[in-house]
Chemist: 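One structure coming up, written as structure tokens, with questions to follow.
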Amino acid sequence: MSSFSKKLLSWYDENHRKLPWRATKSPYNIWLSEIILQQTRVEQGLPYYRKFITTFPTVNDLANADEDKVLKLWQGLGYYSRARNLHFTAKQIVNDYNGEFPNTKKNLLKLKGVGDYTASAIASFCFEEPTPVIDGNVFRFICRLLGITLPIDVPETKNEVHDFLIRHIINGNASKFNQAIMEFGALQCTPKKPKCESCVFMQDCKAYNKNLIEIIPAKSKKVKVKHRYFNYFFISVNCTMVIRKRTENDIWKNLYEFPLIESSKSADLSTIQKQFKKNFDVNEKIAISFLTTYQHQLTHQKIHGSFWLVHTKSQIEIKNTILVAANELNNYAFSRLITRFIEDFENNDLQLQIV
DNA sequence: CAAGCGTGGAC
DNA sequence: TGTCCAAGCTT
């Protein structure tokens, strides 16, 4: 074993967190945890992992559930394609794989939602396949250790990191090596204020010795935020509400929301009145009043959500919408933007208007 | 390959 | 308040 690997495992033995998916080698549990943890912090994903394992103890239970139920359980975690792919793959495992997960990285890669990182994670954690995991933590740690100043999203960087890991991964104990190297990035070699003064690799770390810690890992792309204006219509009659499912290939696909008109800029009441009649093909006269706004900051876009109250005594027919009892909204998965509105609405005595 | 996909915590 | 970004994947 190399001196790097020895130091790493010794650090891991003393410092690692006890996490539920580290107490199992079940491919189903590991797979579930890995999907949940994609681009997600442990503290944020942990309660979701517990919920899913409790609700769906086996891949069979997950496969037999409705997608709506899976999305509802996923609500609030973000990147909802993970939940859709999770459910799709569960059904595939049951139907095409006789309920058994593939046991090689090569075959794991065929599963929807399983990419290079996740395939390596499952193959090594469950089956000790000596294939390195390269996630954000590993990139950061190894790029700093080796002093790689190239952006992390160019192929050359990944190749260098991969070559290093291949030389050091421990045959027969790849699971621990991989867990350790990620945990080191997560706890010691953190994105901001890494704990260099107590680092066992201080002497070896090129970034530390050349004072490059702040600029490694480098990134080439900068995020440009697109602004969007969502006008939601809150339509309630006799304790029922009008909602619809977002089926288009866009943000929050397959989640529910109130009927929506998107505009290129913030819209005023008269514009909203006109657009409402036009878009929803409503003939009768409709009174609309402004309720509130919420802004929702995402990685690549900012949603300006305006909520409008539609005054009506009879039910309005809008295509592609469904009528839901107010006390059953909880059965549907909503985006964070909508849940925020519903929470505030219920807390503000405004529910009196839901006649 | 570049762009698109969420949310909440840290600073 | 705004910016960064975390156990990435798909198209």
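We name chains A, B, ... by the order of the sequence lines, and we start the count at 1 in each one.
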Chemist: Could you state the CD-P distance from A:Glu248 to B:dG4, rounded to the nearest angstrom?
Modeler: 16 Å
Chemist: What residues, two or more places apart in sequence or in another chain, satisfy side chain to side chain contact (heavy atoms under 4.5 Å, CB included) together with A:Glu14?
Modeler: none
Chemist: Rounding to the closest angstrom, what is the interatomic distance between B:dA3 and C:dA7 at atom P?
Modeler: 24 Å
Chemist: Is it the case that the side chains of A:Thr118 and A:Gln38 hold a donor-acceptor pair, with the cut-off being a distance below 3.5 Å and no angle test?
Modeler: yes
Chemist: Contact class for A:Trp21 (heavy atom, under 4.0 Å): base, sugar-phosphate, or nothing?
Modeler: base
Chemist: Using a cut-off of less than 4.0 Å, is there contact between a side-chain N or O of A:Arg140 and OP1 or OP2 of C:dA7?
Modeler: yes
Chemist: Can you list everything that forms a side chain to side chain contact (heavy atoms under 4.5 Å, CB included) with A:Asp204? Sequence neighbours excluded, please.
Modeler: A:Lys7, A:Leu145, A:Phe201
Chemist: So what does A:Thr118 touch, heavy atoms closer than 4.0 Å: a base, only the sugar-phosphate, or nothing?
Modeler: sugar-phosphate
Chemist: So, does A:Asn98 use its side chain to make a donor-acceptor pair with the main chain of A:Glu100 at under 3.5 Å?
Modeler: no
Chemist: Separation of A:Asn254 atom CG from B:dC5 atom C1', in whole Å?
Modeler: 14 Å
Chemist: Across nucleotides 6-11 of chain B, 5' to 3', mark each nucleotide with B, S or - according to how protein heavy atoms within less than 4.0 Å reach it.
Modeler: BBB---
Chemist: Identify, with sequence neighbours excluded, every residue that meets side chain to side chain contact (heavy atoms under 4.5 Å, CB included) alongside A:Pro102.
Modeler: A:Ile93, A:Tyr97, A:Asn107, A:Leu108, A:Leu111
Chemist: Residues from residues 99-115 of chain A sitting under 4.0 Å of DNA chain C, heavy atoms only?
Modeler: A:Leu111, A:Lys112, A:Gly113, A:Val114, A:Gly115
Chemist: Measure the distance from CD1 on A:Ile142 to P on C:dA7 and round it to the nearest whole Å.
Modeler: 14 Å
Chemist: Can you tell me the distance, in whole Å, between the CG atom of A:Leu86 and the P atom of C:dG8?
Modeler: 16 Å
Chemist: When all nucleic acid strands are considered with a 4.0 Å heavy-atom cut-off, which category describes A:Pro217: base, sugar-phosphate, or nothing?
Modeler: nothing
Chemist: Return the value, rounded to whole Å, for the distance between atom CD of A:Gln301 and atom C1' of B:dC5.
Modeler: 8 Å
Chemist: Check step by step if ring pair (Phe, Tyr, Trp, His ring centres under 6.0 Å) holds for A:Trp308 and A:Tyr232.
Modeler: CA-CA 6 Å; A:Trp308 304 87; A:Tyr232 291 109; over 10 Å; no
Chemist: Given atom CD of A:Gln188 and atom P of C:dA6, what is their separation to the nearest angstrom?
Modeler: 17 Å
Chemist: Would you list the atom pairs, donor with acceptor, under 3.5 Å between side chains in residues 320-327 of chain A and any protein atom, with sequence neighbours excluded?
Modeler:
{"from": "A:Thr321", "atom 1": "OG1", "to": "A:Ile318", "atom 2": "O", "distance (Å)": "2.5"}

Chemist: At 4.0 Å (heavy atoms only), tell me whether A:Ala186 reaches a base, stays on the sugar-phosphate, or touches nothing.
Modeler: sugar-phosphate
Chemist: Would you call the rings of A:Tyr332 and A:Phe334 parallel, tilted or perpendicular, where under 30° means parallel and over 60° means perpendicular?
Modeler: tilted
Chemist: Please figure out whether A:Asn85 or A:Glu34 has its closest DNA chain C nucleotide nearer the 5' end.
Modeler: A:Glu34
Chemist: Rounding to the closest angstrom, what is the interatomic distance between B:dG8 and C:dT1 at atom C1'?
Modeler: 16 Å
Chemist: Figure out the CH2/C1' separation between A:Trp74 and C:dC9, and round it to whole Å.
Modeler: 12 Å
Chemist: Rounded to whole Å, how long is the line connecting atom CD1 of A:Ile134 with atom C1' of C:dG8?
Modeler: 13 Å
Chemist: Decide whether A:Asn178 and A:Ser124 meet the rule of one side-chain donor and one side-chain acceptor closer than 3.5 Å.
Modeler: yes
Chemist: Which class fits the ring pair A:His16 and A:Tyr12: parallel under 30°, tilted 30 to 60°, perpendicular over 60°?
Modeler: parallel
